[in-house]
**Student:** 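First the structure, then my questions, so here it is.
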Amino acid sequence: TLDAFKPKGVTCVLVSKKIKSLLKKYQLHEHAFYPVDLVNTITNNAAEYYLLYIFGKRINFINYEKSEYILRKRRTKEKVEHPSNVPYFSNIEDYLKAKSYFLKKDKLILDFDKVVLAVDYDILWGNPNKLIISKRVKEDMEHSDISGIQLKPITTPQYITKTEFNSLNS
């Protein structure tokens, strides 16, 4: 999308008809596809695209008790060993309070090292114009005739679905 469309506070992605068909085969939180006609102003040719809007916030689908956390220096992002260790949290409110506390008191950023999801969605929203997709979706996209997409690994934090977490700990 060439960074031309980045709405504030809204998570949506412009997708082709082929990508829409592929994504509809997978587990996805409540969402809507809105038709968008893109017109080449030189040739007047129109292309059929969709604006994928995913409702809700990713932060509400995290299992805070099972996720793992890390502290980093605010400016350098370097990992810090903290004498009190990084606590675990039971909910979003406790996590946000601790995040504020560490930033104000120690100038440290509390972040996720491993995110355990409380859901089994194959597709989550990332930053504007980006999706977080499961391995199944990635493999399907790589074996399809879809072009013009970039698949990049998430380096940090690691995302683990509810089912993956349960199978690792059984």
Side-chain angles (χ1 to χ4, degrees), residues 1-15 19 23 26-31 51-142 146-170:
T1 57
L2 303 176
D3 293 332
F5 181 72
K6 287 191 178 181
K8 299 260 189 241
V10 175
T11 301
C12 48
V13 178
L14 196 61
V15 297
I19 292 175
L23 296 180
Y26 294 97
Q27 292 293 327
L28 182 61
H29 181 61
E30 185 180 351
H31 64 285
L51 192 61
L52 167 59
Y53 178 78
I54 303 173
F55 300 96
K57 295 181 180 179
R58 180 181 62 223
I59 201 161
N60 293 329
F61 299 110
I62 295 172
N63 183 327
Y64 288 88
E65 288 181 49
K66 295 177 181 170
S67 293
E68 296 177 12
Y69 305 89
I70 190 171
L71 288 169
R72 298 184 189 280
K73 290 184 180 179
R74 193 173 100 200
R75 295 193 199 278
T76 64
K77 308 289 188 233
E78 177 186 343
K79 183 179 175 180
V80 174
E81 295 298 328
H82 198 269
S84 66
N85 293 326
V86 181
Y88 287 81
F89 309 100
S90 59
N91 56 50
I92 188 174
E93 291 81 15
D94 292 345
Y95 168 74
L96 292 174
K97 282 181 198 171
K99 188 173 180 118
S100 176
Y101 171 82
F102 281 114
L103 186 60
K104 288 178 183 173
K105 183 179 180 296
D106 300 325
K107 304 277 190 269
L108 296 174
I109 295 173
L110 175 65
D111 207 353
F112 289 97
D113 193 31
K114 184 187 297 180
V115 176
V116 176
L117 299 171
V119 294
D120 276 324
Y121 295 136
D122 288 298
I123 303 158
L124 290 173
W125 44 105
N127 297 324
N129 291 342
K130 294 184 173 105
L131 296 175
I132 298 171
I133 59 174
S134 68
K135 291 175 188 169
R136 295 178 336 140
V137 176
K138 176 185 177 279
E139 289 168 2
D140 201 359
M141 285 184 165
E142 289 174 336
I146 294 172
S147 61
I149 59 171
Q150 290 182 348
L151 300 175
K152 296 180 181 178
I154 296 174
T155 55
T156 184
Q158 176 186 6
Y159 281 81
I160 299 173
T161 66
K162 179 180 175 181
T163 300
E164 289 170 334
F165 181 83
N166 290 337
S167 68
L168 290 172
N169 294 294
S170 58

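Note: hydrogens, waters and symmetry copies are ignored here, and every other heavy atom, side chains too, is used.
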**Student:** Give a yes or no answer on whether the side chain of His29 reaches the backbone of Leu124 with a donor-acceptor pair at less than 3.5 Å.
**Tutor:** no
**Student:** Ile149 and Met141: which non-hydrogen atoms are nearest, and at how many Å?
**Tutor:** CD1-SD, 3.8 Å
**Student:** Does Lys138 pair with Glu142 as a salt bridge, N-O distance under 4.0 Å?
**Tutor:**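 A salt bridge is present here (some side-chain N lies under 4.0 Å from a carboxylate O).
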**Student:** Angle class for the Tyr69/Phe89 ring planes (parallel below 30°, perpendicular above 60°, tilted otherwise)?
**Tutor:** perpendicular
**Student:** Is it the case that more than 12 heavy atoms not belonging to Tyr101 sit under 6.0 Å from its OH atom?
**Tutor:**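 12 or below, so no.
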**Student:** Ring-plane angle category for Tyr121 and Phe61, please: parallel below 30°, perpendicular beyond 60°, tilted otherwise.
**Tutor:**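 Tyr121 and Phe61: perpendicular rings.
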**Student:** I would like to know whether Asp94 and Tyr64 meet side-chain contact (heavy atoms from CB on, under 4.5 Å); could you show each step before the answer?
**Tutor:** CA-CA 9 Å; Asp94 292 345; Tyr64 288 88; over 6 Å; no
**Student:** Do side-chain atoms of Asp122 reach the backbone of Gln27 as a donor and acceptor pair under 3.5 angstrom?
**Tutor:**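 Such a contact is found between Asp122 side chain and Gln27 backbone.
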**Student:** Distance-only, no hydrogens or angles: does the Ser67 side chain make a donor-acceptor pair with backbone N or O of Asn63 under 3.5 Å?
**Tutor:** yes
**Student:** Side chain of Lys99, backbone of Leu110: donor and acceptor closer than 3.5 Å?
**Tutor:** yes
**Student:** Please assess Leu131 against Leu23 for the test side-chain contact (heavy atoms from CB on, under 4.5 Å), listing each intermediate value before the final yes or no.
**Tutor:** CA-CA 11 Å; Leu131 296 175; Leu23 296 180; 4.1 Å; yes
**Student:** Measuring from atom CG of Asp113 to atom CG of Leu71, what distance do you get when rounded to the nearest 0.5 angstrom?
**Tutor:**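 Here the rounded value is 10.5 Å.
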